[in-house]
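Notes for the one structure printed next.
Each chain gets a letter, A, B and so on, in the order its sequence line appears, and its residues count up from 1. Please read all numbers here as calculations on a predicted model, not as lab measurements.
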There are 2 protein chains.
Amino acid sequence: MTARSSTDPARVIPEATVARLPVYLRALTALADTGIRTCSSEDLATAAGVNSAKLRKDLSYLGSYGTRGVGYDVDYLRYQIAREIGVTQDWPVVIVGIGNLGHALANYSGFRSRGFRVVALLDADPSLSGEIVAGVAVRPFDELEAIVHDHDVAIGVIATPASAAQDVADRMVAIGITSILNFAPSVLSVPEGVDVRKVDLSIELQILAYHEQRKANGAEAAAPVAPVADGGAA
Amino acid sequence: MTARSSTDPARVIPEATVARLPVYLRALTALADTGIRTCSSEDLATAAGVNSAKLRKDLSYLGSYGTRGVGYDVDYLRYQIAREIGVTQDWPVVIVGIGNLGHALANYSGFRSRGFRVVALLDADPSLSGEIVAGVAVRPFDELEAIVHDHDVAIGVIATPASAAQDVADRMVAIGITSILNFAPSVLSVPEGVDVRKVDLSIELQILAYHEQRKANGAEAAAPVAPVADGGAA
DNA sequence: ACCGATTTGTTCTCACGTTCACAAACTCTT
DNA sequence: AAGAGTTTGTGAACGTGAGAACAAATCGGT
Ligand SMILES: NC(=O)c1ccc[n+]([C@@H]2O[C@H](COP(=O)([O-])OP(=O)(O)OC[C@H]3O[C@@H](n4cnc5c(N)ncnc54)[C@H](O)[C@@H]3O)[C@@H](O)[C@H]2O)c1
Ligand SMILES: NC(=O)c1ccc[n+]([C@@H]2O[C@H](COP(=O)([O-])OP(=O)(O)OC[C@H]3O[C@@H](n4cnc5c(N)ncnc54)[C@H](O)[C@@H]3O)[C@@H](O)[C@H]2O)c1
């Protein structure tokens with residue numbers, strides 16, 4: 001057993017594993033909610049929609065938290081994963097751009113219950129200032145710096161149009177935000193040490209469309225031909 | 001040059017490449033909008049935020065659409081990628097679950113400009129029926145079958161609570177939908193031949209939190225300890 | 001206290017994805 | 001028309017990830 005201690009800072013968890021840990025956490029929570037106290041890697045893998053060997057390997061990066069012949073204690077493993085991810089306490093988050101999507105995000109209760117707390121909603125449009133969304137007031141974008149410093153915010157969410165996204169990101173980085181979740185369809189450029197993840201609905205749909213077309217072309221030859229569709233920075 | 005014809009059905013494009021083609025398409029559209037007619041792999045790679053060798057290899061799976069010593073014709077390449085993805089014509093899409101998120105999605109104009117047309121909004125809540133969102137009326141969930149058949153819909157979007165997601169997916173599959181974009185935080189089980197992609201805000205934030213914690217622990221030892229946060233099927 | 005059943009943790013192998021590096025192919029200038 | 005300069009397309013090396021398989025460890029029954 002190489003099993004590094006979970007407090008060993010040299011231990012490195014593969015990125016693919018990191019991306020699955022939240023899925024396991026959610027699956028464990030679902031199991032716990034149905035009263036299940038113990039589960040095998042097979043059970044958990046099924047609930048999480050992955051292969052059980054992959055699950056066991058993923059968990060082995062965290063340490064040795066199971067019992068051979070028995071399985072995993074649901075609550076214990078849940079706590080270990082939550083600690084590993086860093087959601088045993090809440091992370092303060094700011095959302096910038098309170099339009100269609102920003103409103104939905106602000107109203108999303110799953111935020112709070114999964115380790116995040118929306119401390120501020122910011123928008124450049126003065127006519128939105130003062131509006132209360134889900135108990136939080138919309139404030140002018142200028143106040144970003146004060147808010148970030150007051151609440152020690154490390155994570156920012158961008159829900160502005162693509163044209164404003166880079167500017168907003170630059171401001172966030174200048175102020176000290178080091179993790180950004182970007183919903184705008186634009187490539188952000190940020191300095192070393194700042195993490196950016198993007199959520200892009202159109203890309204997801206286009207990936208589905210590609211496979212859909214392939215399924216269709218299994219029978220028929222090729223798709224009809226027409227003008228190129230891509231609305232740019234819409 | 002192995003360069004299979006783009007109509008060769010045996011040609012297979014790696015999944016990782018498929019996921020990047022929409023990014024290239026978007027970058028090309030942005031370049032075209034600024035009046036650029038030709039670009040090198042270096043230019044396009046920068047605009048798309050990837051390595052130029054990776055870009056060239058990705059494009060080589062589609063065929064040989066560049067000119068050595070010159071680069072790529074922006075409009076021509078854009079068309080070829082759009083054709084490959086299958087967005088030279090619009091795909092009809094239905095959205096199920098017109099709550100916070102469903103409203104935002106329905107109002108999202110980027111849908112239409114990137115190859116998708118929302119043909120129906122469906123919700124189980126009768127009090128929503130008849131409401132017009134972005135020019136489309138919300139209809140009862142029962143009408144799914146008729147709509148899917150009338151418009152030959154292959155792609156469905158799920159924006160219901162997690163507790164309803166599997167049921168909705170089952171209904172979609174039964175009716176003939178073969179691609180699903182799922183915004184609910186739940187693992188969907190679907191038969192062979194049906195593609196599911198998920199968009200999960202909480203997972204993205206938790207991945208950011210993991211890295212954020214690691215950055216912080218570079219200086220300090222370990223994070224404080226508190227109750228586990230994960231609100232289940234919220 | 002032992003034995004068979006069970007399930008984890010890990011090793012090994014293969015597949016996939018990324019990046020480097022360069023020959024081939026093209027343009028432009030003289 | 002030839003040579004210098006560019007840039008593509010791709011072979012090869014490398015790294016990461018997935019999954020099969022199994023030894024080690026634990027449990028329950030006798
Ligand atoms: N609505 C969706 O479902 C959806 C889906 C996928 C992606 N997106 C993307 O998310 C982003 C937001 O979409 P939306 O539909 O909410 O747009 P929206 O136009 O409704 O809202 C954008 C908001 O950002 C604010 N804003 C603009 N510039 C700003 C700046 N510099 N600083 C601060 N705030 C600024 C605007 O005042 C507005 O309130 C867009 O980039 C869009 O492409 C939206
Ligand atoms: N709001 C967000 O920003 C956000 C972000 C990430 C994920 N999500 C997820 O997206 C989903 C929707 O979120 P929301 O905030 O819009 O929730 P919501 O409660 O506002 O809306 C859900 C809608 O689904 C409808 N619905 C319920 N059961 C249905 C059924 N069986 N068939 C058809 N319609 C049904 C409800 O009537 C309601 O209108 C949730 O699973 C949520 O976890 C939301």
Side-chain angles (χ1 to χ4, degrees), chain A residues 1-6 8 11-21 23-24 27-28 31 36-74 76-78 80-81 84 207 211, chain B residues 1-6 8 11-21 23-24 27-28 31 36-74 76-78 80-81 84 207 211:
Chain A
M1 195 192 309
T2 319
R4 292 169 177 283
S5 147
S6 64
D8 180 346
R11 180 181 43 116
V12 155
I13 298 183
E15 199 49 41
T17 297
V18 171
R20 283 188 294 266
L21 291 180
V23 180
Y24 303 154
L28 283 166
L31 289 177
I36 293 171
R37 314 276 302 207
T38 296
C39 69
S40 68
S41 63
E42 201 72 52
D43 297 337
L44 184 52
T46 302
V50 302
N51 176 296
S52 70
K54 182 151 67 178
L55 170 77
R56 287 199 300 277
K57 182 177 279 196
D58 284 341
L59 295 184
S60 76
Y61 292 113
L62 311 194
S64 195
Y65 296 135
T67 307
R68 296 175 192 218
V70 178
Y72 300 92
D73 180 282
V74 171
Y76 181 60
L77 183 57
R78 187 157 65 115
Q80 293 299 340
I81 293 177
E84 190 67 43
I207 294 170
H211 292 294
Chain B
M1 193 191 310
T2 319
R4 293 168 176 283
S5 145
S6 63
D8 180 346
R11 181 181 42 113
V12 156
I13 299 183
E15 199 49 41
T17 297
V18 171
R20 283 186 294 266
L21 291 178
V23 179
Y24 303 154
L28 283 166
L31 290 176
I36 293 171
R37 315 276 303 209
T38 295
C39 68
S40 67
S41 63
E42 201 72 50
D43 298 337
L44 184 52
T46 303
V50 302
N51 176 297
S52 71
K54 181 151 68 179
L55 171 77
R56 288 199 299 279
K57 178 153 283 196
D58 283 342
L59 295 183
S60 76
Y61 292 113
L62 312 194
S64 194
Y65 296 134
T67 308
R68 293 173 193 222
V70 178
Y72 300 91
D73 180 280
V74 171
Y76 181 59
L77 183 58
R78 187 158 65 115
Q80 293 299 341
I81 293 177
E84 190 67 43
I207 294 169
H211 292 295

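- When the side-chain nitrogen and oxygen atoms of B/Ser41 are compared with OP1 and OP2 of D/dT7, none of them lie within a distance under 4.0 Å.
- Below the 3.5 angstrom threshold, one finds no donor paired with an acceptor across the side chain of A/Lys57 and the base of C/dG9.
- Nucleic acid contact class of B/Glu42 (heavy atoms, under 4.0 Å, all strands): none.
- Contact annotation: B/Asn51 side-chain N/O to C/dG17 OP1/OP2 distance is not under 4.0 Å.
- When distances run from any side-chain atom of A/Lys54 to the nucleotides D/dG19, C/dT18, D/dT10, the shortest one goes to D/dG19.
- Minimum heavy-atom separation, A/Tyr61 to A/Pro14: CZ-CG, 3.6 Å.
- Shown are B/Leu28, B/Leu31, B/Asp73; of these, the side chain to side chain contact (heavy atoms under 4.5 Å, CB included) with B/Arg78 is made only by B/Leu28.
- In this structure, A/Ala16 reaches the sugar-phosphate backbone alone: every heavy-atom distance under 4.0 Å involves primed, P, OP1 or OP2 atoms, never a base.
- Side-chain atoms of B/Ile81 and B/Leu59, non-hydrogen and from C-beta on, do get closer than 4.5 Å to each other.
- Annotation for A/Ser40 and A/Tyr72: closest pair C-CD1, 4.4 Å, computed over non-hydrogen atoms.
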| Base-contact (B) and sugar-phosphate-only (S) positions in nucleotides 23-30 of chain C, heavy-atom cut-off under 4.0 Å, - elsewhere | -BBBS---
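- The closest side-chain heavy-atom distance from A/Leu62 to A/Leu21 is below 4.5 Å.
- If you measure from atom OH of B/Tyr76 to atom C1' of D/dT8, you get 15 Å, rounded to the nearest angstrom.
- OP1 or OP2 of D/dG9 lies within a sub-4.0 Å distance of a side-chain N or O belonging to B/Tyr72.
- One atom, CZ of A/Arg56, and another, C1' of D/dG17, lie 16 Å apart when rounded to the nearest Å.
- Toward the 5' end of DNA chain D, the nearer of the two residues B/Leu59 and A/Glu15, judged by each one's closest nucleotide, is B/Leu59.
- As rounded to whole Å, 15 Å separates atom C1' of C/dT7 from atom CG of A/Asp73.
- Using a 4.5 Å heavy-atom threshold, the side chains of A/Tyr24 and A/Leu55 count as touching.
- Atoms OH (A/Tyr65) and C1' (C/dT10) sit 17 Å apart, rounded to a whole Å.
- With rounding to whole Å, B/Leu55 atom CG is found 14 Å from D/dT10 atom P.
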Contacts table for residues 44-54 of chain B: side-chain donor-acceptor under 3.5 angstrom, sequence neighbours left out:
| from | atom 1 | to | atom 2 | distance (Å) |
| --- | --- | --- | --- | --- |
| B/Thr46 | OG1 | B/Glu42 | O | 2.9 |
| B/Asn51 | OD1 | B/Ala53 | N | 2.7 |
| B/Asn51 | OD1 | B/Lys54 | N | 3.3 |
| B/Ser52 | OG | B/Glu42 | OE1 | 3.4 |

